[in-house]
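Below, read A as the first sequence line, B as the second, and so on, with proteins coming before strands; counting in each chain starts at 1. Here the structure is a predicted model, which means the values were calculated and not measured.
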Number of protein chains: 2
Amino acid sequence: MDQVAEAAGVSRATVSRVINGAPSVDAKIREIVQRAIADTGYVPNVAARSLVTRKSNSVALVISEPDRPYDTSFLNRVFTDPYFGRVTAGATGALRPHDIHLVIIPTDSTDHHHVIRYLRQGHVDGVLLISSHEADPLPRQLHELGIPAVISARPASPLAASFVDVDQRLGARLAAEHLLGRGCRRLATISGPLDIPSGSDRLDGFRSYLAGRGIPDVPAVEGDFTRHGGEECARRLLTAHPDIDGLFVASDLMAEGALRAVQDLGRRVPDDLAVVGFDDSSAALDCRPLLTTIRQPVEEMAAEMAEVLMAHIAAPGRLPRSVTFQPTLVVRESA
Amino acid sequence: MDQVAEAAGVSRATVSRVINGAPSVDAKIREIVQRAIADTGYVPNVAARSLVTRKSNSVALVISEPDRPYDTSFLNRVFTDPYFGRVTAGATGALRPHDIHLVIIPTDSTDHHHVIRYLRQGHVDGVLLISSHEADPLPRQLHELGIPAVISARPASPLAASFVDVDQRLGARLAAEHLLGRGCRRLATISGPLDIPSGSDRLDGFRSYLAGRGIPDVPAVEGDFTRHGGEECARRLLTAHPDIDGLFVASDLMAEGALRAVQDLGRRVPDDLAVVGFDDSSAALDCRPLLTTIRQPVEEMAAEMAEVLMAHIAAPGRLPRSVTFQPTLVVRESA
DNA sequence: TTTCTGCCTGAGAGCGCTTTCTCGGCGGGC
DNA sequence: GCCCGCCGAGAAAGCGCTCTCAGGCAGAAA
């Protein structure tokens with residue numbers, strides 16, 4: 001920087017002003033400095049800059065799965081799951097115009113203190129927290145440490161923190177309405193894990209809407225949001241209730257597995273049994289028949305998380321803010 | 001840090017030594033300092049540390065796809081592709097024990113200068129470069145800038161840079177051998193894009209091995225490594241050559257699509273037509289029948305890239321090093 | 001006891017940048 | 001024509017840490 005200053009015949013302070021676009025620099029001088037920067041091939045040192053600005057221009061995407069052991073297969077599942085992929089894509093896209101980069105940090109509960117330490121050290125300016133598990137202490141911890149954060153779902157216990165979510169119950173209701181509209185009457189569902197809100201909310205939403213329409217006691221089995229799990233659940237469900245004609249599966253990945261099991265068991269989809277998924281991930285298009293599903297705009301939601309986070313970083317005192325997206329029904333072939 | 005020093009009754013230098021695990025500190029003093037650190041809740045400032053050590057303790061995973069426009073669908077494809085997911089998982093797992101974090105940076109050619117600037121600013125200590133495209137200038141640029149980097153494949157033009165690759169031709173040969181061994185004689189292949197080495201090498205390897213076994217002129221169509229592309233290619237291939245009985249598809253994702261097309265066209269797999277994929281990604285298990293494929297140990301390869309990179313960072317002068325992994329045949333149901 | 005050898009610790013000089021404070025110079029108003 | 005005010009640039013003080021260098025103290029050797 002000194003070299004640039006000397007080459008341009010100005011002080012270091014002026015070079016700094018030019019680099020940071022301060023308006024109070026004479027146009028001629030600005031140009032001279034810029035030429036000097038180009039000539040010398042000068043590149044600012046970010047560490048020195050962060051030291052004084054206390055900004056790192058990067059944020060962490062923390063994927064917290066408290067009860068999964070941190071091992072190769074955990075990493076593999078996380079990075080191969082289309083849901084996390086969509087989140088990453090949405091966040092990256094929203095952050096890039098602001099020249100902010102993403103550090104991706106998967107973590108389990110034994111690992112939380114590492115993550116906390118990392119975040120407190122100032123590596124990042126804020127956190128996008130993907131935490132679905134009800135009992136996950138991370139959201140509260142971050143909040144108490146005053147680390148700017150936006151959570152990917154409504155926190156289980158009330159917390160004055162910003163979050164972005166989709167209206168889970170509405171999504172389940174849309175699925176129920178659609179199945180009912182097709183004439184299905186013997187409905188069932190494969191839910192997500194019930195200890196995570198998106199799992200239990202979709203189940204509740206589905207059941208309580210149907211109860212209101214005079215259909216109580218809808219059979220349900222608890223799945224795990226994996227393809228394989230969906231296959232297994234469908235098999236169990238059809239064995240216990242061979243006559244069901246409409247199935248709501250709480251994720252597309254599970255629906256893909258379920259579809260396979262259903263067809264293996266000799267049912268035609270949608271004629272014998274109509275199936276509705278949830279997410280509208282790429283998995284919905286990998287199914288045969290193509291999956292009718294409840295669309296969750298994951299990329300947009302992640303982008304919104306990023307926007308809210310940047311606002312928090314820019315104005316640390318600002319009040320928490322929550323945004324709820326509306327799910328929509330996407331009709332394809334399976335229902 | 002001054003507070004800690006005062007609380008412990010030592011100098012800042014000693015606190016620094018304790019934090020960095022210098023061996024030359026008296027055990028009693030070390031303990032006092034550690035207690036003081038705990039009491040004051042002191043957390044080191046990484047920016048200040050990097051400023052002097054010139055280390056950031058993070059590395060970039062740059063995913064370079066020169067001819068894809070940088071847009072939402074590009075991001076989506078990258079982050080949803082199981083191959084990149086496996087790379088990320090492998091690298092993350094290898095880096096974590098060393099407390100090094102990953103910054104993921106997808107980029108197209110219009111964006112290269114941003115990435116270069118980012119890397120030069122010292123945000124990261126090194127680069128894991130996923131670059132398959134033959135004409136990609138990024139590997140050479142990084143090399144010329146002296147930024148420590150490890151490339152995910154043998155560079156198209158000779159470059160004194162470290163890389164990790166799988167023996168592509170051997171993989172193709174294993175597929176050919178297996179198909180031949182099953183009794184297939186009318187073989188064909190769906191290749192990857194021919195302007196990327198992994199695409200052309202697999203095709204060459206397949207054809208030249210078969211040519212050596214007296215089977216010249218094996219039909220091939222050029223795919224694009226997507227599920228949909230595979231479906232389309234298979235359809236074209238079977239239309240032009242209805243009698244083929246063995247098919248090598250250069251990626252599992254494409255094979256999944258191809259399998260679907262083949263079955264739609266009324267062929268039984270593997271009885272009428274045997275299919276071998278490449279990768280052994282999760283897609284291989286999503287197929288029906290389960291996909292016989294050539295396993296590429298992507299996670300291990302990414303981990304190796306990380307190890308080599310860390311070695312380069314630790315000893316900047318060290319000579320480039322290349323590691324080639326052996327692919328293996330995984331027999332399932334499709335061939 | 002004295003001197004020498006080592007091992008620890010403390011003092012202090014940066015690392016490269018931002019930012020406040022200050023001052024010089026120029027233009028406009030009276 | 002003089003003074004005031006404002007704009008633009010420079011000087012210098014850190015930001016929080018590491019690390020070299022030198023000094024002090026203890027133990028061993030003479």
Side-chain angles (χ1 to χ4, degrees), chain A residues 1-37 39-58 99 117-125 313-314 316, chain B residues 1-37 39-58 99 117-125 313-314 316:
Chain A
M1 191 163 176
D2 276 320
Q3 289 179 27
V4 176
E6 192 175 351
V10 299
S11 72
R12 241 171 39 238
T14 301
V15 177
S16 174
R17 281 187 274 259
V18 170
I19 290 171
N20 295 298
S24 68
V25 179
D26 188 90
K28 285 191 295 286
I29 293 198
R30 178 191 310 278
E31 201 170 321
I32 292 173
V33 171
Q34 273 162 346
R35 189 158 24 241
I37 290 174
D39 290 348
T40 53
Y42 167 74
V43 179
N45 175 315
V46 287
R49 176 179 290 169
S50 325
L51 181 57
V52 34
T53 60
R54 339 233 76 192
K55 284 269 170 302
S56 68
N57 283 320
S58 55
D99 251 300
R117 183 163 51 95
Y118 180 82
L119 299 176
R120 291 187 62 196
Q121 286 182 333
H123 279 104
V124 295
D125 299 331
I313 291 170
Chain B
M1 189 162 176
D2 276 321
Q3 288 179 27
V4 176
E6 192 176 353
V10 299
S11 72
R12 236 172 43 239
T14 300
V15 176
S16 175
R17 280 189 274 261
V18 170
I19 290 171
N20 295 298
S24 69
V25 179
D26 187 273
K28 286 192 296 285
I29 294 197
R30 178 190 309 278
E31 199 170 324
I32 293 172
V33 171
Q34 274 162 345
R35 186 156 29 240
I37 290 174
D39 289 349
T40 53
Y42 166 74
V43 179
N45 174 316
V46 287
R49 175 179 292 168
S50 320
L51 181 57
V52 33
T53 61
R54 340 232 72 195
K55 283 271 170 304
S56 68
N57 282 322
S58 55
D99 252 300
R117 184 164 48 97
Y118 180 81
L119 299 177
R120 292 187 62 197
Q121 286 182 332
H123 279 105
V124 296
D125 299 331
I313 292 170

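- Whole-Å rounding puts the B/L51 CG to C/dC15 C1' distance at 4 Å.
- Heavy atoms only, all atoms of each residue included: B/M1 and B/R12 are closest at CE-O, 3.2 Å.
- Across the protein-nucleic acid pair, A/N20 atom CG and D/dA9 atom C1' stand 16 Å apart, rounded to whole Å.
- In the set D/dA9, C/dA11, C/dT18, D/dA9 carries the atom at the smallest distance from any side-chain atom of A/I29.
- To the nearest 0.5 Å, atoms CD1 (A/I29) and CD (A/Q34) are separated by 12.0 Å.
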| task | May I have the step-by-step check of side-chain contact (heavy atoms from CB on, under 4.5 Å) for B/V124 and B/K55, ending in yes or no? | result | CA-CA 8 Å; B/V124 296; B/K55 283 271 170 304; over 6 Å; no
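- Across the protein-nucleic acid pair, B/I37 atom CD1 and D/dG16 atom P stand 17 Å apart, rounded to whole Å.
- B/M1 places its CE atom 12 Å from the P atom of C/dG10, with the value rounded to the nearest Å.
- For the pair B/T14 and C/dG10, the criterion of a side-chain N or O lying under 4.0 Å from OP1 or OP2 is met.
- Proximity of B/S16 to the phosphate of D/dT18: a side-chain N or O atom is located under 4.0 Å from OP1 or OP2.
- Atom-to-atom, CG of B/D2 to P of C/dG12 comes out at 13 Å; the value is rounded to the nearest Å.
- Taking both residues in full, the closest heavy atoms of A/D125 and A/S56 are given as OD1-N, 2.7 Å, listed atom of the first, atom of the second, then distance.
- Following rounding to the nearest Å, A/R49 (CZ) and C/dC15 (C1') show an atom-to-atom distance of 16 Å.
- We find the CD1-OH distance between A/I19 and A/Y42 to be 4.0 Å, quoted to the nearest 0.5 Å.
- Note that CG of B/N45 and OG of A/S50 are 8.5 Å apart. Values are rounded to the nearest 0.5 Å.
- Among the nucleotides D/dG8, C/dT19, C/dG16, the one closest to any side-chain atom of A/T53 is C/dT19.
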Look for any protein N or O under 3.5 Å of an N or O in nucleotides 20-22 of chain D and output each such pair with its distance, or none.
none

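- Between B/H123 atom NE2 and A/N57 atom CG the span is 6.0 Å, to the nearest 0.5 Å.
- Per the geometry, CZ belonging to A/R54 stands 12 Å off C1' belonging to C/dT18, to the nearest Å.
- Across the protein-nucleic acid pair, A/N45 atom CG and C/dG14 atom P stand 18 Å apart, rounded to whole Å.
- Across all strands, A/R12 comes closer than 4.0 Å to base atoms (heavy-atom distances).
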